[in-house]
Amino acid sequence: MSDVRIITANSAAALAAKLCRVQVVSAYPITPQTPVTEELAELVESGELKAEYLTVESEHSAMASVVAASQVGARVFTASSANGLLYMHEMLHWAAGSRTPVVMACVNRGVGAPWTILNDQQDSISQRDTGWIQLYCKNSQEVIDSIIQAYKIAEQVNIPVMVCYDGFILSHTTTPVEIPSQQLVDSYLPPRPPVIGISEYTHMNVNPLILSDPRPDVDGKMAPGYMDIRYRLQQDLLSCLDVIKLADRDFHELFGRTCGGVCWGYKMTDAAHAIVSFGSLASECTLAADLLRQRGLRVGVLGVRSYRPFPKDDLVKALEAVETVTIFEKDVSYGYEGALAMDLKSALYESANHPRFSSYVAGLGGRDVLPETLADEAYRAITGEVKHAWINIKN
Amino acid sequence: MKEGKVQDFVITAVSKPSKGEAGKTGDWRSQTPVIDQDKCSQKESCLLCWLYCPDGVITREFPLEIDLEYCKGCGICAQECPRKAILMVDGRDPSCQ
Amino acid sequence: MATSAAKLLPKEEFILPGTRSCAACGLMLTYRHALKALNPGKTIVAVPASCMTVLHGVYPITPVKVICINNPFGATGAAASGIAAGLKALGHDDYTVLAFAGDGGTYDIGIQALSGALERGANFLYICYDNEGYMNTGTQRSSASPAGAITSTTPILAKLQHKKNMIGIIEAHRIPYIATASPAFPLDLFDKVRTAKSVHGSRYMEVHAPCPPGWGFPNKDLIKMGKLAIDSGIHVLYEIKDGVFKLTSRSLNLAEKGRKKSIAEYVKGQTRFRKINQDQIDYLQHFVDERWSEFVQRHHRTD
Amino acid sequence: MSLTYEIIWHGRGGQGAVTAAKIFTEAAYLQGFKGVSAKPTYFSERRGAPVSVHARISVDPIRTFSNVSTADLAVVLDDNLLQMVNVTSSLKAGGLLVINSSRTPDQLGLNGSFSVAVSDAFRSSEQAGLIVEGNVLISTSILGPIVAASDLVDIENVKKAIEHKFRGKALERNLMALELAFRETRISNHSILAKTASA
């Protein structure tokens, strides 16, 4: 009954959208996301997927159109990368502020200038404060599974979800991916719940100008101000960590696979040293951990799947017994350090355990990262030589 | 979209219609239109004041009435009336006349 | 104008009194009659950040009895096409999607999204209310501002360039219906919106919407100014249905038997033209005359 | 990682290296390897420019997506590439080099502790009628010498993988091209020679 296909992550993403029976697809091509748009177009034109497909003229319009289609009740999908994602930036805020359950694949790519088409995670990390849920995939199986889960999550909490996976490294690499049956996906993901919309209210003004303070509505009841609505978004984002876990648990029950909920561990049970990372780099780190265990160090890997909302408590708990933490990430907050490193350090501030902390920026613009290199660098970090560095720099 | 529970929309801002959104905009007036019903054509063939009022505060039934609670006093009706049946008088209150 | 037809317009008002719009707002008069021509119970409006946002009121109350979806400034065309796609996907085929944006949101920041949507043949009616500047932010120059106009970003020299030929750009998309209108001629406006509503595919209308504070003329003169724009030929009323060009209403009368009024007369009553000199008036007059004769020729060509 | 077999494919844009690698990867999965991957490393798809694919075959699921630095098997889709790319420098000692060439292994002048398998995939495809718009397609014939010179994947599984990708006449031709190139393979085992030389 299991249908395993040897496909790329991009194919997995397109198939996931199809299995979720999306009703409106709108996308603009950009390397390395392009095959997603092509494969979905083929599915729509062949009639395999019954959906409206908008071949828009820009990413800004791609996001604007899926947000609008979502507002009238459709299940929508789009995908982008790098500068395309940045071109959406305004609309990403709008999507989250509108509380539309948009699901987007972000095929991670470095950001120009200078131009690179190759992978790092600067693009999605630059969008972390837009109010989106961000899930990072460590392999192509997680891409298909996470997109299916993303609709489940998004439509429960009315918050858009960005499913991030590494450009070329996953997007163009063929690996075995188990494709769930339509029947199983249907039983996991019911049709999108109805929204207040055209049949319930004939007249309404969505996302109007709003005051700072509450104002009485038509019936004299107080309606919230801007800050209150934004607070609600923050509260819902924080509490949806449980929704993400539950979506993965339900998925596991039905499909027999798990993405780890909000984070996952590899050989963490007895680990004295943790490597923390996300995306495919975290998968790479598991091999580095194996190498370090051969050297006699009890090393485990903690993979962050949900970066926003940030699973602070889960991460702190997973790290409560370790002596050192070493971060590897493919992004940097210019003028400081990696985004994950900053977030994790701030999370550990309130922890009873304060492990020694090292952070590395790796693999920007597609620079290859070998497990051996990660192991060597982690070894240096564990033995106390490094606090923060960029690896594989060739001056 | 036909059945099922309607979601709680306080998560995002959605307005519902009502008059007086900006309050009693009649307060904005510095001049007030007064209709001389004798001069008014009282014919359906005219209704230019109704047609041209941006705020739509003039009735379409004769004798015409202006909703002074909301009339912003722009004076278009008086300007466009072919019979000069509408007079703009100073102040917010027609009794100033 | 057939004033007797006023009674033919729906009596119901879809904009409830007490709005936030300026007194004597050309946009509001336009919107008031456009909504009458549509069926607001079966219409979804897409609006960018603009005077329309203000007109639609501050949360949680709106004075407008229609479904309105607000959008970022440059997104109107894309959002409207997204609404149309969503409605189609859900099987709601009895709705009209109306995009309603100003000249800034159409000529400038919104042109890409609009052009993309028109090229795709998105099923919506796009109405650009052209008040010839960024009025919502306080009268800055837009590419729709006329030559010779003082704006807050052309404060000393006045605008040196002519208005962009937006309709020319729209026409290049070969959409089935294009029309111009003016709130000073509400019945013509109403008829055109009605016609546009009945057409499937992308439809575009441009309404010349006088703005008393932005242009600098007394509130009471709104209609007068709107008419003067038509009579001087700086704005021309026409429609292009399936490529066939026709002058309409007052512009048609003007072409048949009237004499255009001078641009000097048009600019006289507006303080935005307070610094215009004779050379600039001639420059503008030449532009208007040339355009007008093109329109008249075109009208007769397709007669 | 010790159970992972690493492969680098060298070709030119448009020549079929990516397709060949994908088909072989699928065949390996059918063979029972749980972990298979093929990662094209071309920078942007331009016809004629050298491209490579980094592939892995493993009994366990693949966890690394990094480049293959030294391969167990290097496949060269065009012997002209031997002048442009230092193919042997990224080959493990005792590795296998598979080349599409009309020459014999000895004529190619390659020295090192590796085996060389050569087949004229170009001619095999031509004979099988795999010509589209004047281009001879070798993405399946190149798999012939790989199967012949290594014991990684049975030819039956390669055929099955090809059957997943092609139908009708195209399938027949691709299977024939594979068969022809498989039979034509000439193998020269340099590893023993090299070891003796270095000893």
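When reading the values below, keep in mind they use all heavy atoms of this one structure, side chains included, and skip hydrogens, waters and symmetry mates. Every chain is numbered from 1 and lettered A, B, ... according to where its sequence line falls, protein lines coming before strand lines.
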Q. Between A:Val4 and D:Lys34, does a side-chain contact (heavy atoms from CB on, under 4.5 Å) hold up when you go through it step by step?
A. CA-CA 11 Å; A:Val4 175; D:Lys34 283 203 187 72; over 6 Å; no
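A:Asp368 places a side-chain N or O within 3.5 Å of a backbone atom of D:Asn67 that can act as its donor or acceptor partner. Distance alone, capped at 3.5 Å, is enough to place a donor-acceptor pair between the A:Ser283 side chain and the D:Arg63 backbone.
Within a 6.0 Å sphere centred on NZ of D:Lys165, other residues, nucleotides and ligands contribute 12 heavy atoms or fewer. Enclosure of atom CZ in A:Arg295 by more than 12 non-hydrogen atoms of other residues, nucleotides or ligands within 6.0 angstrom is indicated. Counting heavy-atom neighbours within 6.0 Å of D:Asn86 CG, excluding the residue itself, gives a total above 12. In A:Glu42, the CD atom is not crowded: 12 or fewer heavy atoms of neighbouring residues, nucleotides or ligands sit closer than 6.0 Å.
The shortest non-hydrogen separation linking D:Ser37 to A:Thr175 is CB-CG2, 3.7 Å.
Once rounded to the nearest 0.5 Å, the distance linking NZ of A:Lys138 with CZ of D:Phe65 reads 10.0 Å. Here A:Ile7 contributes atom CD1 and D:Glu26 contributes atom CD; the two are 10.5 Å apart, rounded to the nearest 0.5 Å.
With chain D as partner, the option from A:Leu281, A:Asn139, A:Leu170 having the largest number of non-hydrogen pairs under 4.5 angstrom is A:Leu170.
With D:Ser66 as the partner, the side chain to side chain contact (heavy atoms under 4.5 Å, CB included) test is satisfied by one option alone out of A:Leu287, A:Ile169, A:Leu370: A:Leu370.
Side-chain contact between A:Phe168 and D:Lys39 is absent, with no heavy-atom pair separated by less than 4.5 Å.
A:Thr8 touches chain D through its side chain: at least one heavy atom from C-beta onward sits under 4.5 Å away, while N, CA, C and O do not. Residue A:Asp166 does not touch chain D at all, counting heavy-atom pairs closer than 4.5 Å.
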